[in-house]
Every structure is written in C-alpha cells, then in structure tokens.
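The first residue in the sequence is number 1, and the count goes up from there. What you are looking at is a predicted structure, and each value in this text was computed from that prediction instead of being measured. Quick note: numbers below take in every heavy atom, side chains included, and nothing from hydrogens, waters or symmetry partners.
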Amino acid sequence: MLSYQLLKNHAGILLIGDYTSLRWLHTVVHDINERSPLIKDREGLFLNLAYDVRKAYERQCEILQPPPDHEEMGIRYGVQALWPVILLQQRMLRVSLAYLEHTAKTQAGGSQGGFRSAWR
C-alpha cells in the first residue's frame, strides 16, 4: 500500500511504500508512459516518477523502519516529491487512464490495497 507524509513546511510529500507497491507503481507508470496518447515526450516529466520510485525501492532514498508498535508493517521506502511536480504527474496518470484499457488492479495500485490520499 502507498501512503504519504507531508514534507517540512508542507512543500510536498514523502511518497511511502513497501517494495511490492513501489515496484507495481513503477510498472504502471512505464506502461502508461508507453501507451498514453496524451504523453508526447516519452522521456519527460511523467517518466521521472518511475525513476524516483525505482530509486526508492532500490534503497537510494529514505528508508523507514516500522513503528515499534506495528513491526508487522516491515521496512518501507520513501521518495520526496514537491507539490507542483507530483500534482502534474498524478494528473497525467489519471487522465491517461481514461483513454487506456486497464484493470481495476491498475487503478487500485496493486494487490495490497491501493493508493492513499496522495492519488485521489
């Protein structure tokens, strides 16, 4: 499952997820980037989301240990995103899905529950 925390001074969000959720998001972003009729620059801003997410699950960004009272959560990984960038990427994702054939699993963010708050 993906979640988020506000950054210092509310400049953006820290997108947080476990390895499986971030891998799924990476796959979905690449798929949409290739198939979307709306995305003209295939190496542009939208694909940066996949790059950032990949860096997170490769442990090159923030690593968040589970809270002491919820150790069953496991290790989670986070990547920072500023509001203008993440809002544009999110909008490109949602609008592109309107034009593409996809499954409910794609919109739900995988098999672990879906995107929370940051994507709705």
Tightest non-hydrogen contact, residues Glu101 and Arg35, listed as O-NH2, 3.0 Å
Report the distance from atom CD1 of Ile16 to atom OG of Ser21, rounding to the nearest 0.5 Å. 12.0 Å
Determine, using the 4.5 Å side-chain heavy-atom cutoff (strictly less than), whether Leu15 and Leu6 are members of one ILVMFWY cluster. yes
The test is side chain to side chain contact (heavy atoms under 4.5 Å, CB included); show your working for Ile13 and Ile86 and say whether it passes. CA-CA 8 Å; Ile13 62 170; Ile86 195 70; 4.1 Å; yes
Nearest 0.5 Å, please: how far is OG1 in Thr20 from OH in Tyr57? 11.0 Å
When rounded to the nearest 0.5 Å, the distance separating OH of Tyr4 from CG of Leu14 is 12.0 Å
Co-membership, hydrophobic cluster, residues Leu47 and Ile39, 4.5 Å side-chain: no
Applying a strict under-4.5 Å side-chain criterion to I, L, V, M, F, W and Y, I'd like to know whether Ile63 and Leu25 cluster together. yes
Heavy-atom closest contact (Pro37 atom, Tyr99 atom, distance): CG-CB, 4.0 Å
Listed pairs under 3.5 Å, donor-acceptor, residues 66-82 side chains, sequence neighbours left out:
{"residue": "His70", "atom": "ND1", "partner": "Glu72", "partner atom": "OE2", "Å": "3.4"}
{"residue": "Tyr77", "atom": "OH", "partner": "Arg59", "partner atom": "NE", "Å": "3.2"}
{"residue": "Tyr77", "atom": "OH", "partner": "Arg59", "partner atom": "NH2", "Å": "3.1"}
{"residue": "Gln80", "atom": "NE2", "partner": "Glu62", "partner atom": "OE2", "Å": "3.0"}

Hey, any chance Leu22 and Leu64 share a hydrophobic cluster, counting ILVMFWY side chains that come within less than 4.5 Å of each other, even indirectly? no
Before giving the answer on side chain to side chain contact (heavy atoms under 4.5 Å, CB included), spell out for Met1 and Asp18 the whole-Å C-alpha distance, their side-chain angles and the decisive distance to 0.1 Å. CA-CA 7 Å; Met1 179 168 44; Asp18 60 10; over 6 Å; no
Roughly how far apart are Ile32 CD1 and Thr27 OG1, rounded to 0.5 Å? 11.0 Å
Are Leu49 and Leu7 connected, step by step, through hydrophobic side chains (Ile, Leu, Val, Met, Phe, Trp, Tyr) whose heavy atoms are closer than 4.5 Å? no
Steps toward side chain to side chain contact (heavy atoms under 4.5 Å, CB included) verdict (Phe46, Leu88): CA-CA 8 Å; Phe46 184 69; Leu88 181 61; over 6 Å; no
Say you draw a straight line from CE of Met92 to CG of Leu97; how long is it, rounded to the nearest 0.5 Å? 12.0 Å
